[in-house]
Amino acid sequence: MQLTGLVLYVGIPAIGTAADEPKKYGGEGMPQGLRDSPKIFVSIAPDGIVSIIVNRSEMGQGVRTSIPKIVADELEADWKRVRAVQAQGNEAKYGNQDTDGSRSTRHWFDPMRRCGASARVMLEQAAAARWKVPLDSVQARNHEVVHTPSGRKLGYGALALDAAKLEVPPPGKVKLKEPSQFRYIGVEDTFLTDGQAIATGKTWYGIDTRLPGMLYAVIARPPVLGGKLKSFDAAEALKVPGVVKVFAMDGTPPPSEFEPIGGVVVVGKDTWAAIKGRSLLKIDWDDGAHASYNSPAFRSELEAAVLKPGGKEVRNEGDTYGALSKAAKRIEANYYVPHFAHASMECPAATARIVNGACEIWACTQSPQAAHDRVAKRLDLAADKVTVNVTLLGGGFGRKSKQDFVVEAALVSKEMGGQPVKLTWTREDDLHHDYFHTVCAQHLEAGLDANGKVTAWLHRTAEPTILSIFAPDPKTLAPFELGLGLAGMPYAIPNVRIENPEATAHARIGWLRSVNNIQHAFAAQSFIAEIAQAQGRDHRDFLIELLGPDRLIDPSKISDGWNHGESPERYPINVGRLRKVVERVTQEAQWGRKMGSGQGLGLAAHYSFVTYVAAVIEVSVDPTGNLVIPRVDIAVDCGPTVNPDRVRSQMEGACVMGLSQAVVSEITFKNGRAEQDNFHQFEVVRMNLAPKKIVVHIMPSAYDVPLGGVGEPGVPVVAPALMNAIAAATGKRIRQLPLRAQLAQVS
C-alpha cells in the first residue's frame with residue numbers, strides 16, 4: 001500500500017554501548033534499542049486515515065491492537081480512522097523487534113506514547129503556521145486541530161504533508177497526556193484489530209502464503225539430535241505425481257543454534273505430493289551419540305543428581321545445611337517435569353523466493369531480524385538483499401523465534417533456482433524436531449523451628465540448559481534461566497541455599513512460554529503447600545506469613561543479576577504486591593469455604609516477567625479419579641494495563657496451557673527419538689477438562705508504576721495450584737507432571 005503524508009523515514013544509527021557507558025536496561029538494553037519518531041511509525045493519508053506501523057509480531061496477544069491504541073491516544077486520533085500496518089524485519093529502522101519475554105507493551109509503552117504525542121504536536125505546529133496564530137492557541141482534538149479562539153478546524157489529512165516537513169520535537173518539548181485524559185489506553189472494550197478477519201477466515205498466516213509459480217517442500221530430518229544422513233533412495237518418491245525434485249540438505253551439527261539440522265528435501269507442486277513423496281523415501285541415518293537417550297533412564301540420572309549435595313552454587317545465605325541439621329522438623333520432597341513441545345496451532349511455515357540476487361521471505365516469525373540475518377549469512381547476500389515480511393502467527397510461544405524453518409525455505413528456493421517455495425512443517429515434524437522445553441528434576445528441603453517457622457530452605461534443580469543450542473556441552477543453567485523463578489525466591493527465610501547440579505542436553509532445548517518458571521514455580525509452590533499441610537496450617541495464611549513484611553528486594557542482592565533485563569531500581573521485587581494478589585484471589589475464590597467430599601481449593605502465587613500473579617483452582621475428583629475443574633480465579637498485577645480485555649484473554653489462555661502441561665502434555669524419548677507424533681499422543685486440554693469458569697481479577701495500578709509482562713506470567717501458577725487443589729480434595733500429593741496416568745490413583 002502506498003502511503004502519503006507524514007511518512008518520512010529518518011535513519012537512526014544502531015545503539016551501541018561503550019565500555020564506559022552505564023548499563024542499559026529494558027528496551028534500551030535490547031539489540032537496536034527503541035525508536036520513538038512518528039516519521040518512522042505514523043503515516044497520515046490525505047483522506048485522514050492514520051496508519052501506524054507495528055514492529056512486533058502478532059500471535060494472539062493483541063499487540064497489533066495495543067500498540068496502535070497507545071499511539072492513537074496520544075495523537076488524539078479517531079480510532080475509527082486508524083489502521084495497523086505490520087513492519088517488515090528491519091531493526092535498524094524500527095528498533096528491537098524480537099517478540100519474546102513478555103516485553104512488547106512493557107518496552108514500547110513509553111516510546112509509542114512519545115511517538116503519538118510528537119505527531120500531535122507537529123500537526124498543531126502545521127495548523128498554527130497555516131493560520132499564522134500562536135501555537136498555544138491551537139489544540140488537537142479527535143482527528144482535527146482546532147483554533148480555540150475562532151473555532152476554525154483542520155482535519156489531520158489536510159495537515160499531514162505540512163507536518164511531515166517539520167522536525168520531530170525533542171522529548172522535553174512534548175507534553176504527554178495525564179492518565180485521566182486517556183481515551184483508549186486502559187479503556188474496557190473487546191476490539192481486536194484482526195478479530196473479524198480471524199473469525200471469517202480472511203487473515204494471512206505464514207502457512208497461507210501463495211505466490212505465482214510456487215512450489216511446496218517438506219524435509220525428512222535426522223530423528224536424533226546430532227544425527228547425520230548416511231544415504232537415501234528417492235526412486236519411489238520421484239514416482240509420486242507432482243514431486244519435482246528430491247535432494248539432500250546439509251545440516252549444522254550441535255550446537256546448531258537456530259540453523260537447519262539438514263535432511264532430505266522433497267519438493268512438489270503441492271504440499272500433499274511432497275508429503276507423500278517423503279513417506280516413500282528410504283533413508284539410512286547415523287543416529288550418533290544421542291541414540292541412547294531414553295526418558296526413564298535420564299529421569300533417574302536427574303533425580304540422583306539432585307539428591308546429592310553440591311553442584312553449581314546459585315544462592316547461599318546463612319548456613320542452610322547447619323540450620324537443617326538443627327531443625328525441630330525437617331520436610332523434603334522431589335518433583336519432576338518432563339519435556340514439553342510448543343505445539344502451536346500453526347506449525348512453522350515460511351515462503352522464500354530469490355529474484356535478481358535478492359531474497360524475499362514471508363514467515364510467521366517472532367524474530368524477523370534474526371530471520372533476516374541468518375538468511376543473509378546462509379545465502380551469502382548483502383543485508384539489503386534480504387526482505388522479511390511478517391505474517392500473523394497462529395501461536396508462537398517462543399518456537400517461532402527460532403529461525404531454522406525460515407532458513408530452510410531460503411535454501412530450498414536457492415536449490416530450485418530462486419523459484420518461490422513454501423516450506424511447511426507437519427505436526428509430526430513439529431513434535432519430533434522442536435526446541436523442547438527442558439526436562440527437570442528438583443529436590444527441596446525445609447527446616448522448621450519449634451514454632452513452625454521456616455528457618456532453612458534448600459532447593460536443587462537439574463535440568464538441561466538452553467545454552468546447549470549455542471555452545472558445546474554446557475551442563476548448568478544460564479543466569480537468565482536461574483532468574484526465572486529460582487534465584488529470586490522472595491520469602492523471608494534466614495538460611496537459603498540453591499544449587500544447580502549438572503545435566504546434559506540430549507535434545508534441542510529452547511524457551512517455551514514462561515520458560516523455567518514452569519518447573520521452578522511448580523516445585524516451590526507445591527512445597528510451600530506441603531509444609532503448611534504437614535503442620536496443619538492453612539495454606540493461604542502460611543504463604544502470607546512466609547512472604548514476611550512488605551518490602552522491596554533488589555534482585556541483584558539475592559543472586560538474580562538478570563531481573564528480566566530490567567533495572568533493579570525501577571523493577572525491584574515488591575513483596576507487598578505479591579501478598580496483595582494472594583489476598584485478592586483468595587477473597588474472590590471464597591477461600592476457606594466448606595467443600596464437599598472430593599472437592600478442594602488450591603492456591604499458588606509467583607513473580608515472573610516483573611508481574612505478580614496468584615491463582616486459586618477449584619477441583620472435584622470422583623472415586624474413579626475423574627477430574628472436573630468448576631472454576632479458576634486468577635489475580636494479576638502487571639502494573640498499568642493498556643488493553644484490559646487482552647490481559648484477561650492472556651491469563652485465560654495461560655490457564656488452559658498450564659492445565660495442559662499439568663494434566664496431559666509431555667514429550668518422551670526412546671532411542672533418541674521423540675515418541676509423540678500428533679495430538680492423539682501429545683495431548684492438550686480439551687473441553688471436558690477445561691475450567692467451567694475462569695475469572696481474571698486485574699489489580700488496579702497508577703501509571704507511575706512501570707508496566708509488567710502479561711503473555712507469560714499466567715502459566716507458572718497453574719500446575720501447582722491444581723496439584724494443591726487435588727491434595728486438598730483427596731489427601732494425595734502429586735509431584736510429577738503430567739497428572740494423566742496418576743488420575744486414577746489420587747482418590
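Fair warning: this is a prediction, and the values are worked out from it, not measured in the lab.
Taking the centre of each ring, Phe405 and Phe258 stay at or above the 6.0 Å mark. Checked against the 6.0 Å centroid threshold, His143 and Tyr156 count as a close aromatic pair.
At least one side-chain heavy atom of Asp194 sits under 4.5 Å from a side-chain heavy atom of Arg64. When side chains are defined from C-beta on, His107 counts as touching Glu566, because their heavy atoms get closer than 4.5 Å. Contact of the Leu75 side chain with the Val50 side chain is registered, since non-hydrogen atoms from C-beta on lie closer than 4.5 Å.
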In residues 694-709, what donor-acceptor pairs under 3.5 Å come from side-chain atoms, sequence neighbours left out?
| unit_1 | atom_1 | unit_2 | atom_2 | d |
| --- | --- | --- | --- | --- |
| His697 | NE2 | Asp633 | OD2 | 2.8 |
| Tyr703 | OH | Thr641 | O | 3.4 |

Report, one line per pair, each donor and acceptor closer than 3.5 Å where one atom sits in a side chain of residues 172-179; sequence neighbours left out.
| unit_1 | atom_1 | unit_2 | atom_2 | d |
| --- | --- | --- | --- | --- |
| Lys177 | NZ | Asp73 | O | 2.7 |
| Lys177 | NZ | Asp73 | OD1 | 2.8 |
| Lys177 | NZ | Glu76 | OE2 | 2.7 |

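The nearest pair of heavy atoms linking Val63 to Ser104 is CG2-CB, 4.0 Å. Among all heavy-atom pairs drawn from Ser57 and Gln366, the shortest one is OG-CA, 3.7 Å. Nearest approach of Gln97 to Gln88, heavy atoms of both residues: NE2-O, 3.0 Å.
Residue Glu188 places its CD atom among more than 12 non-hydrogen atoms of other residues, nucleotides or ligands, all under 6.0 Å distant. Heavy atoms of other residues, nucleotides or ligands lying less than 6.0 angstrom from CD of Gln196 number 12 at most.
The pair Lys69-Asp189 meets the salt-bridge criterion, with a side-chain N (NZ, NE, NH1 or NH2) lying under 4.0 Å from an Asp/Glu carboxylate O. Using a cut-off of 4.0 Å between Lys/Arg side-chain N and Asp/Glu carboxylate O, Arg103 and Asp98 are scored as salt-bridged.
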Going through the checks in order, is the ring pair (Phe, Tyr, Trp, His ring centres under 6.0 Å) test met by His564 and Phe609?
-> CA-CA 6 Å; His564 299 87; Phe609 301 95; 5.0 Å; yes
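Partner Arg56 forms a side chain to side chain donor-acceptor pair (under 3.5 Å) with one of Asn96, Asp100, Thr99 and no other, that one being Asn96.
By the ring-ring contact (aromatic ring centres under 6.0 Å, His included) test, Tyr184 pairs with Trp79, sequence neighbours left out.
Judged by the 6.0 Å distance and 45° axis criteria, Arg399 is positioned over the aromatic ring of Trp425.
With 3.5 Å as the limit, one finds no donor-acceptor pair spanning the side chains of Gln139 and Thr148.
Using a 30° and 60° split on the angle between ring planes, Trp511 and Phe480 fall in the perpendicular class, above 60°.
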